[in-house]
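When reading the values below, keep in mind they use all heavy atoms of this one structure, side chains included, and skip hydrogens, waters and symmetry mates. Every number for a ligand or one of its atoms is a count from 1 in the order of the listing.
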Amino acid sequence: MRCVSTRGADSGSLSDAIATGLAHDGGLFLPERLPHVAVEGETLVRRAVSLLAPLFEGDVLAPQLEAICAGAFSFPATTRWLSADTGLLELFHGPTAAFKDFGARFLGETMSRLPRASQTTVLVATSGDTGAAVAAAFHRRPGFRVVILYPDGRVSQRQAHQLGAFGDNVRAFRVAGTFDDCQRLVKQAFSSDLRARQALVSANSISLGRLLPQMAYYAHASLEALAAGRASPSFVVPTGNLGNAVACLMARAMGAPIDRVVLATNANRVLPDFLATGRYEAQPSVATLANAMDVGAPSNVERLRALFPDVAGAVRADWVSDEAIRGCIRRTFETFGEVICPHTACGVEVLHRLRAEGVKGDFLVAATAHPAKFDTIVEPLVGRAVPPPAALGELLARPAHAEPMAATIEGLTQALAS
Ligand SMILES: *Cc1c(COP(=O)(O)O)cnc(C)c1O
């Protein structure tokens, strides 16, 4: 299928769009239409192939879609019902313990099958979890190196350690600035002559190669619910750059049996304000406990508006303060014996408010990261140790190194040249 830019000037095949990342007109690529798909199969991998196949129709990668999905969806997306009508969709069973492993691995599997320069630099800005997921997906992949930019002091200690622990073809830079600065630098790099000097590819959530596979676990979880005799579930999606939530909305638009989609942000409340007022106003990001969602200018807004002109009819949104995040982590542990991460807590808190309004029906909250990534926040609240899953524990046991970088294009130029 052809892909078109949200700004209309640029188009290409799906693999062109994946390889290019950002469209040349500055917009974001989307498939030219979202076909209705009757998803087949029982497993996450089979369902991913079935859902994505119409989008890859006619593409050079079509014959390899099964292998790509087998590589990307190599760990489960698990539904855990905490009560009769409320559950978590656990998306953190991958190598870096956050949902971004799915998208990053899919991107790695597709990019390594596409023609490219002999030495390609994957440039990625991260608010905490993307960088590690992309690093893990491209670690020791021949022909690739990864350059990670993260805001110094604004990611959790374990996230920072993880980012610096890969080594080999992965380099981490701690930028003197915010995530929005890191994201701006990456965008600048792509529109500057840096791009002419070396083969640069993006791995941010603007890349279709990360966005599209994220549809699969929503389709999978909703079909699992139906198979268990339930009605179509609703999803609450903890949201920052809006990639995960747009994927959920796209899965629904392609026919996955999904009822409502609700966005949960932290105190970076640009999206709830947009939905309430109809006016989109980007803001400087503020630091919160749910740091991977500290985004003041969510880039996927452009996709949301292009896909769903009646945004307020497609989705609702609410925001959660740090105090409410803490309260929710405590309450969820007391009520269900379940330890959740601060991002997941935004979702659980928003659902708690919906229930208080009398909203009924089956809801799944996307559990976007393992709580052990945020041990210094979570452990004091629940009063017990939260051991890391095995893969995270292995990374944490390795030495870590990150280099300082100024939040300027000169700083980035130097970093890329060094
Ligand atoms: C990235 C991230 C989010 C936000 O996802 P978006 O796709 O940027 O909206 C939420 N939770 C965690 C743990 C994340 O790493």
Would Gly240 count as a polar contact of ligand 1, with the cut-off being nitrogen or oxygen pairs under 3.5 Å? yes

Residue Ala369 vicinity, atoms of ligand 1 by number, heavy atom under 4.0 Å: 13 (C)

Walk me through it: do Glu302 and Arg7 pass the test salt bridge (charged side-chain N to carboxylate O under 4.0 Å, His left out)? CA-CA 9 Å; Glu302 202 164 320; Arg7 300 191 187 167; 2.7 Å; yes

Atoms in ligand 1 with a heavy atom of Asn241 nearer than 4.0 Å: 6 (P), 8 (O), 9 (O)

Option among Arg330, Arg326, Arg331, Arg355 that satisfies the salt bridge (Lys or Arg N to Asp or Glu O under 4.0 Å) test with Glu349: Arg331

I need the atoms of ligand 1 closer than 4.0 Å to a non-hydrogen atom of Ala292, numbered in the order shown. 1 (C), 2 (C), 12 (C), 14 (C), 15 (O)

Evaluate Asp375 against Arg158 for salt bridge (charged side-chain N to carboxylate O under 4.0 Å, His left out), listing each step before the verdict. CA-CA 8 Å; Asp375 54 325; Arg158 280 189 173 170; 3.3 Å; yes

Might you confirm whether atom CD of Glu40 has over 12 heavy atoms from other residues, nucleotides or ligands at distances under 6.0 Å? no

At a 4.0 Å threshold, what atoms of ligand 1 neighbour a non-hydrogen atom of Lys100? 1 (C), 2 (C), 3 (C), 14 (C), 15 (O)

With heavy atoms of Leu242 as the reference, note each atom of ligand 1 found under 4.0 Å away. 6 (P), 8 (O), 9 (O)

Minimum distance, heavy atoms only, to atom 7 (O) of ligand 1: which one of Leu263, Val295, Asn244 is it? Asn244

Protein heavy-atom partner closest to atom 12 (C) of ligand 1 - residue, atom, separation in Å: Thr368 OG1, 3.4 Å

Carboxylate-amine/guanidinium proximity below 4.0 Å for Asp318 and Arg353: yes

Parallel, tilted or perpendicular: which describes the rings of Tyr217 and Phe99, with under 30° parallel and over 60° perpendicular? perpendicular

For Glu90, is there an ion pair with Arg80 - N to carboxylate O distance below 4.0 angstrom? yes

A student checking ligand 1 against Gly243 at a 4.0 Å heavy-atom cut-off should list atoms 6 (P), 7 (O), 9 (O)

Are any non-hydrogen side-chain atoms of Cys3 and Leu208 less than 4.5 angstrom apart? yes

Quick one: look up the protein heavy atom nearest atom 5 (O) of ligand 1 and list residue, atom name and how far away it is. Phe99 CZ, 3.4 Å

Sub-4.0 Å atoms of ligand 1 with respect to non-hydrogen atoms of Asp129: 12 (C), 13 (C), 14 (C), 15 (O)

